[in-house]
Amino acid sequence: MSSLGFNPYNTLTTAARAIDGAGAAGKPEAGGNQIAEGIGDFRAALQQAEQTAMQTAVTGADPHAMVQALSNAEIMLDAAVTIRNKVVEAYQELLRMPV
């Protein structure tokens, strides 16, 4: 994790705070809470997988729990990447629209 130039947990926390701050500044939007919850769930899944992997490596805890946590984190990551791809695709379609 230290080879990365940034900390993904800090990035997700900053994004969640920005979403929470935007909802508190004005009338909360219908999808704002769902986005914040999704980011929180994603972050929690990654942290749980990391903790479980470290516990398994250090103390020899249940390897099945580690595999389950890593699989859950992988599914959450795949969902996040799919959502990002759909947003980028929608943005590109907007750019292609004639004005």
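- The closest side-chain heavy-atom distance from Asn72 to Met76 is below 4.5 Å.
- Chaining together hydrophobic side chains whose heavy atoms lie under 4.5 Å apart places Leu94 alongside Met97.
- Between atom OG1 of residue Thr56 and atom CD of residue Gln51 there is a gap of 11.5 Å, rounded to the nearest 0.5 Å.
- Shown here are the side-chain contact (heavy atoms from CB on, under 4.5 Å) partners of Ala73, two or more places apart in sequence or in another chain: Leu46, Ala49.
- Looking at residues two or more places apart in sequence or on another chain, you find no side-chain contact (heavy atoms from CB on, under 4.5 Å) involving Val58.
- Residues passing the side-chain contact (heavy atoms from CB on, under 4.5 Å) test with Ala65, sequence neighbours excluded: Thr52, Asp62.
- The side-chain contact (heavy atoms from CB on, under 4.5 Å) search around Leu77 returns Phe42, Val81, not counting sequence neighbours.
- In this structure, CD1 in Ile39 is found 12.5 Å from CD in Gln34, a value given to the nearest 0.5 Å.
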Under 3.5 Å, which donor-acceptor pairs do the side chains of residues 86-93 form with other protein atoms, sequence neighbours left out?
| from | atom 1 | to | atom 2 | distance (Å) |
| --- | --- | --- | --- | --- |
| Glu93 | OE2 | Arg96 | NH1 | 2.6 |

